[in-house]
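One structure is given below, encoded as structure tokens.
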Amino acid sequence: MAKIETPRPIRGTQDIFGAEAEAFAHVVETFERVRRLYRFRRVEMPVFEKTEVFSRSIGETTDVVSKEMYSFEDRGGESLTLRPEFTAGIARAYLTDGWQQYAPLKVATHGPLFRYERPQKGRYRQFHQIDAEIIGAAEPQADVELLVMADQLLKELGIGANDPGAVTLNLNTLGDSDSREAWRSALVAYFRDVKASLSEDSQDRLEKNPLRILDSKDERDKAFVADAPQIDQFLSGEAQDFFGAVTSGLDAAGVAWSRNPALVRGLDYYRHTAFEFITDRLGAQGTVLGGGRYDGLMESLGGAPTPAVGWAAGIERLAMLVGDVDEAGAEVIVVVENDAVLQDGIGVTSALRRSGVAADLLASGSPRKRFDKAVKQEPKAILALSVDNGATAHRLRITGGDEVAIEGVLASYDWRGPAE
RNA sequence: GCGAUUGUAGCUCAGUUGGUUAGAGCGCCGGUUUGUGGUACCGGAGGUCGGGGGUUCGAGACCCCUCAAUCGCCCCA
């Protein structure tokens, strides 16, 4: 018979284990705690939606829609897509579930997202994000609140705590749609004059996505980027005031920020505030948390014009910055020296756990091996069960520095004695 | 889609200018000690050296193809 070959994991997916999984959980738990402080309401969203939810909001023709989504037909012939982001689904729910009645609505969620991309450091095909959005708030205070929450989250995660340069808030404004369009035209005119000197990629970008030339990594482009027209020259008075209110709000809240006039968004529905918390500790994937104001999105989904702003952050990248988090060890390990008292081993281990003590039971292999394993796990105490004069004897050996108060549990446990 | 680097035991890795039967540590399994002590010692299992082809008397090593992983480019919702 042919040997059965173990299926390989799917490219870009990951099995997270041990200290890395603890770090992942720590990020999520911290996010949950902080979002409650800012009174963001928890939402759970479907992992797939009709494809049009994403194609209409992101733009039919963009590469991300045409090449980087996991789309498929279900058995009814409907085109569905695994969510590549949270924002579009939340916007859809806002329109279909009557959430307008709660406006301005602050919501938060987290979970897996799917993008068909080439995996690299901190970048996977199934990845996970935390996400926060404020829908129905046109005021710059909403942007400020989101940014202050993001800043507190990163600080509570300890990112940059002992290392002030580890992550910095880069902030920019894209203005309203008129300012943005004027800026875009000026950029195209400026770069067209020097087109031949630009990198090949940027020559393509000139037609498709001229704003992206600004954050090109190619040295040939950087010299021209430095002297390129800046958004500030094109901002309306209203847009200037909006950005001013955001920055003064950040200052009032004590959040450090730094203006980055080259920071742009890839999609057209973004307006005004754009921001990224950037680190240099994760290789090429520098953005740890990013977002902006997307006042244009709701209309593309058939809703009334609705101002909104939000951010998302990759849990894997945050977990990498947090570093490995130790798995909590057992406080007590119960070693059954004699199999005749296995039932008492099961019973007393359960009693310990019910009283809130983290406990493990070791009852396989030779007694020697059981003790070896127990000692290696470095519990605070080892509880050894053996047979003595027809009864179950237990000895508690304190192995760690900390006291383990389990005498009460042992005293109230009803020992059943060894099996015959 | 493009590029660079790396694939040897379950894991982390050695393996000399190509030379007999491919090694270590950890983990796993078994054994030694009948003991208030143990994390020690001894032993064992486990590898078609990612896969395929080629060069050679001889390939884990050199060449070609392929697959995968990692990192980067593109893209980034």
Side-chain angles (χ1 to χ4, degrees), chain A residues 3 5-14 17-18 49 53-60 62-70 81-91 113-125 127 129 131 133 199-205 208-209 211-213 215-219 221 263-270 274 276 282-287 290-292 294 296-297 300 310-314 317 333 335 337-338 362 364-379 382 384 386-388 393-400:
Chain A
K3 186 183 187 309
E5 206 168 311
T6 305
R8 307 315 305 163
I10 303 294
R11 162 173 285 186
T13 64
Q14 30 173 6
F17 174 78
E49 296 269 0
V53 169
F54 305 110
S55 63
R56 292 225 303 251
S57 62
I58 295 169
E60 306 277 357
T62 58
D63 277 8
V64 296
V65 166
S66 57
K67 296 199 283 208
E68 294 174 16
M69 295 202 311
Y70 278 96
T81 294
L82 299 181
R83 63 183 181 196
E85 60 158 13
F86 281 116
T87 307
I90 290 173
L113 303 169
F114 306 85
R115 297 180 187 175
Y116 192 85
E117 296 185 291
R118 198 60 179 255
Q120 49 187 291
K121 188 177 181 68
R123 196 170 183 175
Y124 308 94
R125 289 184 171 181
F127 62 103
Q129 285 187 340
D131 180 275
E133 316 274 352
S199 66
E200 295 78 9
D201 283 333
S202 284
Q203 293 185 27
D204 287 344
R205 282 190 276 241
K208 285 160 44 182
N209 203 352
L211 269 56
R212 281 286 172 190
I213 299 176
D215 51 18
S216 168
K217 290 166 183 167
D218 195 300
E219 289 302 327
D221 300 332
L263 177 67
V264 297
R265 305 274 79 184
L267 302 184
D268 287 340
Y269 59 64
Y270 281 99
E276 294 182 0
L282 291 178
Q285 307 303 318
T287 300
Y294 49 93
L297 174 59
S300 68
W311 57 249
R317 290 188 197 175
I333 293 181
V335 175
E337 282 194 74
N338 186 315
L362 282 177
S364 68
S366 67
R368 159 80 70 173
K369 293 277 195 273
R370 298 177 191 184
F371 271 103
D372 286 356
K373 278 186 190 172
V375 170
K376 276 188 183 175
Q377 287 178 40
E378 298 180 342
I382 294 173
S386 56
V387 178
D388 184 37
H394 66 271
R395 298 188 309 275
L396 184 65
R397 179 182 166 210
I398 303 297
T399 49

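Below, chains carry the letters A, B, ... as their sequence lines are ordered, and counting in each starts from 1.
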Check: Does A:Ile58 or A:Ser366 map to a spot on RNA chain B nearer the 5' end, using the closest nucleotide for each?
Finding: A:Ser366
Notebook entry, point to check: At under 4.0 Å between heavy atoms, what does A:Lys217 touch on the DNA or RNA strands: base, sugar-phosphate, or nothing?
Noted result: sugar-phosphate
Check: Looking at side-chain heavy atoms only, is the closest gap between A:Arg317 and A:Lys121 below 4.5 Å?
Finding: no
Notebook entry, point to check: Tell me: CZ of A:Arg118 to P of B:rG72, nearest whole Å?
Noted result: 13 Å
Notebook entry, point to check: In whole Å, what separates the P atom of B:rA4 from that of B:rA77?
Noted result: 29 Å
Next item on the list: Could you give the distance separating B:rC74 and B:rC2 at their C1' atoms, to the nearest angstrom?
Entry: 8 Å
Checklist line | Side chain of A:Tyr270 - closest among B:rU36, B:rC73, B:rA77 | finding: B:rA77
Note to self: I'd like to check A:Arg205 versus A:Asp221 (side-chain heavy atoms, cut-off strictly below 4.5 Å). Are they in contact?
What the structure shows: yes
Check: Hey, does A:Arg123 reach any base, or is it just sugar-phosphate, or nothing, if we go heavy atoms under 4.0 Å?
Finding: base
Next item on the list: Can you tell me the distance, in whole Å, between the CG atom of A:Asp215 and the C1' atom of B:rC75?
Entry: 11 Å
Note to self: On RNA chain B, does the nearest nucleotide to A:Pro119 precede the nearest nucleotide to A:Val264 from the 5' side, or the other way round? Give the residue.
What the structure shows: A:Pro119
Next item on the list: Write down the atom of A:Val264, the atom of A:Arg212, and the distance for their closest heavy-atom approach.
Entry: O-NH2, 4.1 Å
Notebook entry, point to check: Which part of the nucleic acid does A:Glu378 contact within heavy-atom distance under 4.0 Å: base, sugar-phosphate only, or nothing?
Noted result: nothing
Notebook entry, point to check: Does a side-chain heavy-atom distance below 4.5 Å link A:Gln377 with A:Ile333?
Noted result: yes
Check: What nucleotide, of B:rG38, B:rU39, B:rC75, holds the atom closest to the side chain of A:Phe371?
Finding: B:rG38
Check: Expressed in whole Å, how much space separates the P atoms belonging to B:rC41 and B:rG23?
Finding: 22 Å
